[in-house]
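Heads up, the thing below is written out as structure tokens.
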Number of protein chains: 2
Amino acid sequence: MTNNNHKSISGMPSLSLFRLSLYLRYVKALECKGVESVSSKELSHRFSISSALVRKDLGFLGSLGKRGVGYDIAVLKNGLISALGIDKHWNVALVGAGRLGTALVRYTRRAEGPFRIAAILDKYPQRMTKARDLDMEVLHIDSLPEAVQERDIKIGIISVPGSAAQDVADKLVAAGVGAILNFAPAYIEAPDGIFVHNVDFIVYLENLAHHINTNSDIAD
Amino acid sequence: MTNNNHKSISGMPSLSLFRLSLYLRYVKALECKGVESVSSKELSHRFSISSALVRKDLGFLGSLGKRGVGYDIAVLKNGLISALGIDKHWNVALVGAGRLGTALVRYTRRAEGPFRIAAILDKYPQRMTKARDLDMEVLHIDSLPEAVQERDIKIGIISVPGSAAQDVADKLVAAGVGAILNFAPAYIEAPDGIFVHNVDFIVYLENLAHHINTNSDIAD
DNA sequence: AAATGTGAAACATTTCACAGCT
DNA sequence: AGCTGTGAAATGTTTCACATTT
């Protein structure tokens with residue numbers, strides 16, 4: 001009975017995948033409290049969705065639940081970790097050692113999860129005094145290819161100014177990463193097969209502005 | 001012919017709304033270059049979507065295009081700004097003046113958009129030496145209600161540790177904000193009518209890990 | 001009795017295809 | 001000729017409803 005078999009769930013809706021991460025964090029919290037099992041109903045309340053949707057989401061992991069009982073915390077946690085592909089460590093390169101980049105490095109370390117900042121790079125490594133307390137050398141961006149190869153880096157994080165973002169993305173792709181998380185205020189693209197998430201602060205604020213305007217007419 | 005009439009597009013798909021922000025940034029860039037008009041085809045290429053979808057999205061703003069020609073840049077820009085509800089300034093409160101918070105403040109200022117950080121708050125304002133170069137007093141979190149009232153703050157940004165996030169969210173809601181942007185590693189909830197975006201770094205990384213695993217079998 | 005797992009229905013979003021302007 | 005705007009079809013996602021299991 002191996003549990004090393006990566007499920008590799010390709011047909012899962014992308015929103016389901018995001019929710020799996022939320023479930024995992026909640027399940028971990030329950031585990032810390034010593035809880036032994038959880039129902040789709042409890043999860044549905046926590047995240048304001050329907051219990052049927054929770055069951056559909058968890059159905060992608062296989063039949064992990066017990067009818068009449070619920071989901072065993074340990075089984076569910078393992079299933080989620082396996083489905084998310086975080087049952088091993090992932091080395092990450094962070095490009096842009098400014099304030100945001102430094103915050104992200106510290107944040108990743110504190111999370112103590114499967115993600116390791118294996119390299120920090122910048123165009124001006126010597127100027128990055130902000131990053132000094134990170135206990136890690138800031139490399140010049142030109143050493144990206146070697147860093148990615150030698151340190152088996154699969155994911156790149158971009159925290160440079162918007163004007164430099166696409167260029168950095170191209171370099172990350174050329175160096176061989178498989179996915180990019182972009183925090184710069186620019187929509188970047190990558191070739192097929194390279195996954196990109198553009199996380200744009202201003203886009204979220206604009207979204208909220210619209211919602212406030214539309215919902216409750218607080219217009220002036 | 002007023003152009004102050006807020007369109008208040010309620011029935012727009014939420015993904016369309018996000019794309020409007022992307023279109024706006026691109027349209028602004030074209031405007032700077034002196035371009036006069038743009039087609040749905042060009043926009044569709046830029047964002048790797050179908051041109052029909054672009055036209056559907058822009059259709060929510062009204063019939064702004066000219067058949068056989070395309071969309072006038074100035075007209076489109078105004079339409080997007082109006083639809084997004086950013087044809088006026090929005091005062092924002094940022095809670096959590098650590099590294100991430102400081103980065104977000106500077107980022108917002110640099111963007112020179114409609115969003116103004118009108119108050120920065122923290123549980124330990126005096127300790128926030130990182131925020132010193134922001135040229136703004138860091139207030140104690142207890143003065144949130146007065147700050148929100150006096151400064152007409154409609155949006156709250158949370159950049160505190162995950163354990164404090166829901167508590168801060170509750171305080172923001174009590175103080176009267178209409179929407180919350182949460183960067184803390186916690187899924188926070190708010191009453192109906194208050195919009196929340198949970199932007200969770202780790203969730204994005206887990207998502208990418210899954211995609212890499214699923215797509216190209218780099219699994220050892 | 002309680003909760004899962006799942007087809008089928010309902011709903012939402014995207015693409016297709018083409019009529020209608022410029 | 002070129003491009004928008006838009007019903008209709010296709011696709012994707014969520015909810016419903018209930019048989020099934022503990």
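As a basis for the values below, the full set of heavy atoms in this structure was taken, side chains included, without hydrogen atoms, waters or symmetry mates. All values derive from a computational prediction rather than experimental measurement.
Once rounded to the nearest 0.5 Å, the distance linking CG of B/Leu80 with OG of B/Ser21 reads 8.5 Å. The distance from the OH atom of A/Tyr23 to the OH atom of B/Tyr187 is 9.5 Å, given to the nearest 0.5 Å. For the atom pair NE2 of B/His45 and CD of A/Glu189, the computed distance is 10.5 Å after rounding to the nearest 0.5 Å. Taking OG of A/Ser82 as the start and NZ of A/Lys77 as the end, the distance is 13.0 Å to the nearest 0.5 Å.
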Side chain to side chain contact (heavy atoms under 4.5 Å, CB included), that's the test. Do B/Met12 and A/Thr214 meet it? Break it down for me.
CA-CA 11 Å; B/Met12 183 167 29; A/Thr214 314; over 6 Å; no
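When side chains are defined from C-beta on, A/Leu76 does not count as touching A/Glu31, because their heavy atoms never get closer than 4.5 Å.
Computed from coordinates, the A/Leu61 CG to C/dG5 C1' distance equals 13 Å when rounded to whole Å. Across the protein-nucleic acid pair, A/Asp57 atom CG and D/dT15 atom P stand 10 Å apart, rounded to whole Å. In this structure, A/Phe60 places its CZ atom 12 Å from P of D/dG12, rounding to the nearest Å. Rounded to whole Å, the distance from CG on B/Leu58 to P on C/dT14 is 13 Å. Taking atom CG of residue A/Leu53 and atom P of nucleotide C/dA12, one finds them 14 Å apart after rounding to whole Å. Here the P atom of nucleotide C/dA3 and the CG atom of A/Leu64 are 18 Å apart, to the nearest Å.
Comparing the axis of the opening five pairs of the helix from C/dA1-D/dT22 to C/dT22-D/dA1 with that of the closing five pairs yields an angle of 0°, rounded to 10°.
Nucleic acid contact for A/Gly59: none, since no nucleic acid atom lies under 4.0 Å from a heavy atom of the residue. In this structure, A/Gly70 reaches the sugar-phosphate backbone alone: every heavy-atom distance under 4.0 Å involves primed, P, OP1 or OP2 atoms, never a base.
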5' to 3', nucleotides 16-22 of chain D under a 4.0 Å protein heavy-atom cut-off (B base, S sugar-phosphate only, - none) gives BB-BBBB
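For A/Lys171, the salt bridge (Lys or Arg N to Asp or Glu O under 4.0 Å) partners at least two apart in sequence or on another chain are A/Asp167. Taking A/Asp152 as the reference, A/Lys154 meet the salt bridge (Lys or Arg N to Asp or Glu O under 4.0 Å) condition, with sequence neighbours excluded. With sequence neighbours left out, B/Asn182 forms a side-chain hydrogen bond (donor to acceptor under 3.5 Å, both in side chains) with B/Asn198. Judged as a salt bridge (Lys or Arg N to Asp or Glu O under 4.0 Å), and not counting sequence neighbours, the contacts of B/Arg106 are B/Asp133. Listed by chain and residue number, A/Leu64, A/Asp72 satisfy the side chain to side chain contact (heavy atoms under 4.5 Å, CB included) test with A/Val75 (two or more places apart in sequence, or in another chain). Every residue meeting the side-chain hydrogen bond (donor to acceptor under 3.5 Å, both in side chains) condition with A/Ser40, not counting sequence neighbours, appears here in chain and number order: A/Arg55. Applying the ring pair (Phe, Tyr, Trp, His ring centres under 6.0 Å) test to A/Phe183 and every residue at least two apart in sequence or in another chain returns B/Phe201.
For DNA chain C, the neighbouring residues in residues 39-48 of chain A, judged by any heavy atom under 4.0 Å, are A/Ser39, A/Ser40. Near DNA chain C, defined here as any heavy-atom distance below 4.0 Å, there are no residues from residues 12-32 of chain A.
For C/dT22, the OP1/OP2 oxygens have no side-chain nitrogen or oxygen of B/Tyr71 closer than 4.0 Å.
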With a cut-off of 3.5 Å and sequence neighbours excluded, list every side-chain donor-acceptor pair involving residues 157-164 of chain B.
{"residue": "B/Ser159", "atom": "OG", "partner": "B/Val95", "partner atom": "O", "Å": "3.3"}
{"residue": "B/Ser159", "atom": "OG", "partner": "B/Gly96", "partner atom": "O", "Å": "2.7"}

